[in-house]
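This report concerns only the one structure given below.
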Amino acid sequence: MSNAIEIVTFNLNATATKEQVLATTPIMQVFLNQQPGFLYRSLSCDEQGLWFDIVYWENQQAAQAGGEAFMKSAAGAALMPLIDAASCKMRHMDALSAVLADSLAA
């Protein structure tokens with residue numbers, strides 16, 4: 001069974017700031033670390049203001065369960081009001097290949 005990747009892209013709503021989004025990181029960390037099957041998360045933003053929230057899960061079932069839990073969580077309550085809902089797109093896919101740096105694999 002391969003790991004699952006969840007990619008959420010979004011723009012901020014008109015009044016939200018980068019600093020507000022980044023301020024949700026601690027609560028997201030606590031939430032994600034409590035989710036069975038959570039492996040890794042990264043958050044980034046490109047030059048046009050499109051955000052990429054990428055989460056690696058052990059499998060698709062963990063990804064689906066994590067997404068459902070997020071919508072009911074304090075982390076969801078903190079992050080969702082900052083997002084332009086119309087711009088939000090979520091994708092789930094299986095990882096077909098993964099490479100870990102030798103220094104991390106040791």
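Predicted model, so just to flag it, every value in this text is computed and none were measured.
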Does some side-chain heavy atom of S2 sit less than 4.5 Å from a side-chain heavy atom of L96? no
Under 4.5 Å between side-chain heavy atoms, hopping through other hydrophobics if needed: is there a path connecting I5 to L39?
yes
Of all heavy-atom pairs linking G66 and Q35, the shortest is CA-OE1, 4.2 Å
When rounded to the nearest 0.5 Å, the distance separating NE2 of H92 from CD of Q64 is 5.0 Å
For A62 and P36 the tightest heavy-atom approach is CB-O, 3.5 Å
Note to self: Is there a path of hydrophobic side-chain contacts, each under 4.5 Å between heavy atoms of I/L/V/M/F/W/Y residues, joining Y56 to F31?
What the structure shows: no
>> Atom CD of residue position Q29 - does it have more than 12 heavy atoms of other residues, nucleotides or ligands inside 6.0 Å?
In response: no
CG (L50) and OG (S44) are apart, to the nearest 0.5 Å, by 8.5 Å
CG of N11 to CG of L82, rounded to nearest 0.5 Å, is 13.0 Å
**Report entry** Side-chain heavy atoms of N13 within contact of I83, under 4.5 Å
**Finding:** no
| task | Measure the shortest side-chain to side-chain distance between T17 and L12 over non-hydrogen atoms and say whether it is less than 4.5 angstrom. | result | no
Exercise. Would one find more than 12 heavy atoms of other residues, nucleotides or ligands at under 6.0 Å from atom CZ of F52?
Worked result: yes
(message) Hydrophobic clustering (ILVMFWY, side-chain heavy atoms < 4.5 Å, transitive) - are V8 and M71 grouped together?
(response) yes
So OH of Y40 and CG of N3: to nearest 0.5 Å the spacing works out to 13.5 Å
Worksheet item: Using 30° and 60° as the class limits, which term best fits the ring planes of F38 and W57: parallel, tilted or perpendicular?
Response: perpendicular
(Q) Closer than 3.5 angstrom, by distance alone: can the side chain of N59 be matched with the main-chain N or O of G37 as a donor-acceptor pair? (A) no
Separation between OG (S97) and CG (D94), nearest 0.5 Å, reads 13.0 Å
inquiry  = Closer than 3.5 angstrom, by distance alone: can the side chain of E6 be matched with the main-chain N or O of R91 as a donor-acceptor pair?
reply    = no
**Report entry** ILVMFWY cluster, L32 and L22 together (side-chain gap under 4.5 Å)
**Finding:** yes
For I27 and A78 the tightest heavy-atom approach is CG2-CB, 4.3 Å
Per side-chain contact (heavy atoms from CB on, under 4.5 Å), L43 is matched among V21, V55, L79, T24 by V21
Heavy-atom nearest pair, I7 first then M93, reads CD1-CE, 3.8 Å
>> Taking M90 as the starting point, is it possible to reach M28 by hopping between hydrophobic residues whose side chains are less than 4.5 Å apart?
In response: yes
Any side-chain heavy atom of F10 within less than 4.5 Å of one from M80? no
